[in-house]
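Take a look at the structure set out below.
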There are 2 protein chains.
Amino acid sequence: MWSNHINYYLSMRTHELVLGWIEKQLSDGHLVLGGRLPAERALAEQLEVSRTSVREAIRILEAMGLVRAGVGSGKDAGTVVIAEPAMALGAALRLHVATQHLPVADIVETRVLLESWAVSRAKADAPEFGEAARLLDEMDASSAVDDFLALDVAFHLALAEAAGNAVVSTIMGSLREAIEGYAAALTANLPDWESTARRLRSEHRAILEAVNDGDGGRAATLVAAHIEGYYREAGLGQAPAEARP
Amino acid sequence: MWSNHINYYLSMRTHELVLGWIEKQLSDGHLVLGGRLPAERALAEQLEVSRTSVREAIRILEAMGLVRAGVGSGKDAGTVVIAEPAMALGAALRLHVATQHLPVADIVETRVLLESWAVSRAKADAPEFGEAARLLDEMDASSAVDDFLALDVAFHLALAEAAGNAVVSTIMGSLREAIEGYAAALTANLPDWESTARRLRSEHRAILEAVNDGDGGRAATLVAAHIEGYYREAGLGQAPAEARP
DNA sequence: GGACTTGTGTGGTTAGACCACACTCTATGC
DNA sequence: GCATAGAGTGTGGTCTAACCACACAAGTCC
């Protein structure tokens, strides 16, 4: 059509141009959470680029957890703006772990740091702790391993969210997701799941108790020991120091 | 060609299939850092998909900081595996900040947490501190604002890396990048840059001194005050609590 | 021997076509 | 009158085939 009038001298690839346009729409508030992007064909025509380039830009936004593409028409159709950074960051971290650039031990350590900070900083009357208590009751009633683990994820996420810092809870969620595959595979190898589950339950209760006492420091210590103990038992986070660059 | 024999029932999009193949190559060690992916056309033929789908997968990997695509032939040509999660995560965070889903204040708070943890945990004889000291000497000699800020970035990155946790330093880098645009714009508005620079210099020296004394706790306190003070002066991180969801 | 031309392989971009899907409208039959 | 089957419409998903810009390598001319 116009074959590189614009982006040739800027040495900017076409899909980056599209990306820039969309980012501007977001910054300016013309695109808001839950809103829909123009249809791919319409956007391509409007920006005078090919649909391919528009699609590449959308793939990138999708990978970042900023939009979700849905086929068909009506409710879930079209490309809509969402806000799910945790899943996106988690996938990215997972891939970097696969390249052995990010040691699993460092991820576990970071998780301990963030989660213990969250409980030590949160106020005891934060609503998330009520939710956390409810989840513990549910865990007492569930015997299946999968159910237990799903509730465990929700419990720890609730703790992370109690501090009221969206960035910390987002990163927590993505760290967890990045190593979930490793942890789940090893859970099956635990010597005695029942006794482990019993220990985890009591440790969870102790953490919440410390929080309710207003003793953030104790809560942080308990959380750190809880997480480190679990991964140690599962055989994770033992990467030798010489494996690092 | 074969129009959805495979991924129809798996409800998996074609580019995700490509993504999965590449991730497996990474996990299995068939693709290593610095290695090159097969050419797009070759990969498309090998996986029996269109080049379009291969390209969408590569765009995603590029957005995650896992590969870099280069045209031409020879040295920098082809799609090579890299490991630059910081830039990629930074871009993602920046976009989420644009949607106002991640408050700038939370990013600053997280940065304070990670960086103060890093200096408190690092050993005083970590080589990164030597590099940090060298950077400070360079800062003393530089008067231009841009040079000063670039060295400042390098200094703080060196502090973050001193703890030896790749995940923490990566996240630190991306947090910094996500708000760099905001901070840079406000720097020009500082009442008196010269006096600010003088203060920053002395605070930097004090931090390194605490580290050298082996007093990680004091270093952490100083780092926290240093960062918070800077952003407060620049007018960032003041988001009111009611702005949060 | 040096400067030029050609060849080759890479990613970058485009146009146009078709598919699967989910909804909406409209005729059809009772 | 109303319920249902069918056509219509708009969405993203995929594919093909072609061309461009680039960077290097090898041959070619002077």
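Only heavy atoms go into these numbers, but all of them, side chains included; no hydrogens, no water, no symmetry mates. To find a chain, count down the sequence lines: A is the first, B the second, and so on, and within it residues start at 1.
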For C/dG11, take OP1 and OP2 only and decide whether either is under 4.0 Å from a side-chain N or O of B/Thr79. yes
Nearest-Å distance for atom pair CD1/P, residues A/Ile58 and D/dG13: 8 Å
Nearest to the B/Ala39 side chain among C/dC23, C/dT10, C/dC18, which nucleotide is it? C/dT10
Starting from C1' on C/dT14, measure out to CZ on B/Arg51 and report it in whole angstrom. 11 Å
From the options C/dG12, D/dG12, C/dT13, select the nucleotide whose nearest atom is closest to the side chain of A/Arg55. D/dG12
Taking only the side-chain heavy atoms of B/Thr14 (C-beta and beyond), determine which of D/dG12, D/dT14, C/dG11 contains the nearest atom. D/dT14
Between CG of A/Leu95 and CG of B/Leu19, what distance do you get to the nearest 0.5 Å? 7.0 Å
If you assign each of A/Arg41 and A/Gly74 to its closest nucleotide in DNA chain C, which residue comes earlier from the 5' end? A/Arg41
Could you check whether the side chain of B/Arg13 and the base of D/dG12 have a donor-acceptor pair of N or O atoms closer than 3.5 Å, going by distance alone? no
If you draw a 6.0 Å radius around CD in B/Glu45, do more than 12 non-hydrogen atoms from other residues or ligands fall strictly inside? no
Heavy-atom nearest nucleotide on DNA chain C for A/Val71 versus A/Glu56: which residue maps closer to 5'? A/Glu56
Using atom CZ of A/Arg36 as one end and atom P of D/dG10 as the other, report the distance to the nearest whole Å. 13 Å
Proximity to the side chain of B/Ser73 - top-ranked nucleotide from C/dG9, D/dC22, D/dG12: C/dG9
Can you tell me the distance, in whole Å, between the NE2 atom of B/His15 and the C1' atom of D/dG12? 12 Å
In whole angstroms, the gap separating C1' of C/dG9 from CG of B/Leu37 amounts to 16 Å
Is the backbone of B/Ala166 close enough, under 3.5 Å, to the side chain of A/Asp106 for a donor and an acceptor to pair up by distance? yes
Examine distances only and state if a side-chain atom of B/Asp76 and a backbone atom of B/Gly70 form a donor-acceptor pair shorter than 3.5 Å. no
Check every strand shown and say whether B/Arg59 touches a base, only sugar-phosphate, or nothing at a heavy-atom separation below 4.0 Å. sugar-phosphate
Checking all strands, does A/Ser53 fall into the base, sugar-phosphate, or nothing category for heavy-atom contacts under 4.0 angstrom? sugar-phosphate
5′-ward residue of the pair A/Thr52/A/Gly78 relative to DNA chain D: A/Gly78
Rounded to whole Å, the CD1-P distance (A/Ile60 to C/dG12) equals 11 Å
If we check side chain to side chain contact (heavy atoms under 4.5 Å, CB included) with A/Leu66, which of these qualifies: A/Leu26, A/Ile82, A/Ile22, A/Leu33? A/Leu26
Mark yes or no for a side-chain to base donor-acceptor pair under 3.5 Å between B/Arg68 and C/dG11, with no hydrogen or angle criteria applied. no
With a 3.5 Å distance limit and no angle check, can you tell me whether B/Ser27 reaches the backbone of B/Glu23 through a side-chain donor-acceptor pair? yes
Measure from the side chain of A/Ser50, starting at C-beta and using heavy atoms only, and say which of C/dC18, C/dG11, C/dA15 lies closest. C/dA15
Between C1' of D/dG12 and CG of A/Leu43, the distance in whole Å: 13 Å
Rounding to a whole Å, what distance do you find between A/Glu62:CD and D/dT11:C1'? 14 Å
If you check every side-chain atom of A/Ala69, which of D/dG13, C/dT13, D/dT14 has the closest atom? D/dG13
